[in-house]
Amino acid sequence: MHSLIRTIVLPADPDTVWRTIGRFDALAEWHPQVPPSVLEDDADPETPGAVRAFTLDGTVVARERLLAKDDTTRSYRYTVLDPFLPVTDYQATLTAAHHEQGTEVRWTATYAGAAEAVPQVEEIFGDGVYGVGLRALGERFS
């Protein structure tokens, strides 16, 4: 298994940050490069099993299933369905935890795949998705 992690510390309290990032169906509301998503089968975004589908020009480009959500610990965990990279068992977690300077947002993932896939995952998910999203949060809360 491989792991991926990106973090940022924000000068805001965890509950405020969680209100922004904690809805499984609202990623595009705070992430500047994620396309809008819809919940399949009118699923409840608070209930594990919900699937969000991201679309561009009417075409589904990615699907993710909510595995767990806990507002007490301000975290949710999801899996990428049908990954376009040569990886399997991709599970990611987004959390907002108390930090002495405000809130530490951690976006982490574990996945299986050949060592050759790691640089692609780091670039596409780590830098392109997680990093861009966290920087947008940094601008929003600074």
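Since the model is a prediction, treat every value here as computed from it, not as a measurement. Values below: every heavy atom of this structure, side chains too, minus hydrogens, waters and symmetry copies.
For the atom pair Leu39 CG and Thr47 OG1, the distance stands at 10.0 Å (nearest 0.5 Å). One distance of note links NE2 of His99 with CD1 of Ile8; it measures 11.5 Å at 0.5 Å rounding. One distance of note links CD of Glu64 with CG of Leu81; it measures 8.0 Å at 0.5 Å rounding. Taking CD from Gln33 and CG from Leu27, the interatomic distance works out to 11.5 Å, rounded to the nearest 0.5 Å. Separating the OH atom in Tyr111 from the OG1 atom in Thr88 is a distance of 11.0 Å, to the nearest 0.5 Å. Going from atom CH2 of Trp107 over to atom CG of Leu4 covers 10.0 Å, rounded to the nearest 0.5 Å.
Taking 4.5 Å as the limit, some side-chain heavy atom of Arg74 sits within range of a side-chain heavy atom of Asp15. The side-chain heavy atoms of Gln91 and Leu67, taken from C-beta on, include a pair separated by under 4.5 Å. Considering only heavy atoms from C-beta on, Pro86 comes within 4.5 Å of Gln120 through its side chain. You'll find the side chain of Thr79 reaches within 4.5 Å of the side chain of Arg65, heavy atoms only.
For the residue pair Met1 and Asp89, the shortest heavy atom distance occurs at CE-O, 4.2 Å. The minimum heavy-atom distance between His31 and Gly128, with the atom names listed, is CE1-O, 4.4 Å. Listed here is the closest heavy atom pair of Asp13 and Thr103: C-OG1, 3.1 Å. Listed here is the closest heavy atom pair of Phe24 and Ala50: CE2-O, 3.6 Å. Nearest heavy atoms, Phe141 versus Thr16: CE2-CG2, 3.9 Å. Across Ala53 and Arg63, no two heavy atoms sit closer than the pair CB-CG, 4.1 Å.
Tyr78 and Val38 fall into different hydrophobic clusters, where Ile, Leu, Val, Met, Phe, Trp and Tyr side chains are chained together by heavy-atom contacts under 4.5 Å. Val51 and Leu56 are members of different hydrophobic clusters when ILVMFWY side chains are connected at heavy-atom separations under 4.5 Å. Cluster annotation: Val129 and Leu85 are assigned to the same hydrophobic cluster (Ile/Leu/Val/Met/Phe/Trp/Tyr, side-chain heavy-atom contacts under 4.5 Å, transitive). Under the 4.5 Å side-chain contact rule for hydrophobic residues, Val132 and Val61 do not share a cluster. Side-chain heavy atoms closer than 4.5 Å link hydrophobic residues (I, L, V, M, F, W, Y) into clusters, and following such links, possibly through other members, connects Val118 to Phe84.
Around the CD atom of Glu40, the shell of radius 6.0 Å holds more than 12 heavy atoms that belong to other residues, nucleotides or ligands.
Formation of a donor-acceptor pair under 3.5 Å by the Lys69 side chain with backbone atoms of Gly22 is found in this model. At distances below 3.5 Å, not a single donor-acceptor pair connects side-chain atoms of Asp41 with backbone N or O atoms of Ala43.
Taking the six-membered ring for Trp and the full ring otherwise, the centers of Phe125 and Tyr90 sit less than 6.0 Å from each other.
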request  = List the steps and the verdict of salt bridge (charged side-chain N to carboxylate O under 4.0 Å, His left out) for Glu122 and Arg6.
outcome  = CA-CA 10 Å; Glu122 288 285 335; Arg6 297 293 187 274; 2.8 Å; yes
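Checked against Ile21 for a side-chain contact (heavy atoms from CB on, under 4.5 Å), the options Leu94, Leu134, Thr95 give a single hit: Leu94. For the pairing with Phe54, the side-chain contact (heavy atoms from CB on, under 4.5 Å) check across Val34, Val60, Thr59 returns one residue only, Val34.
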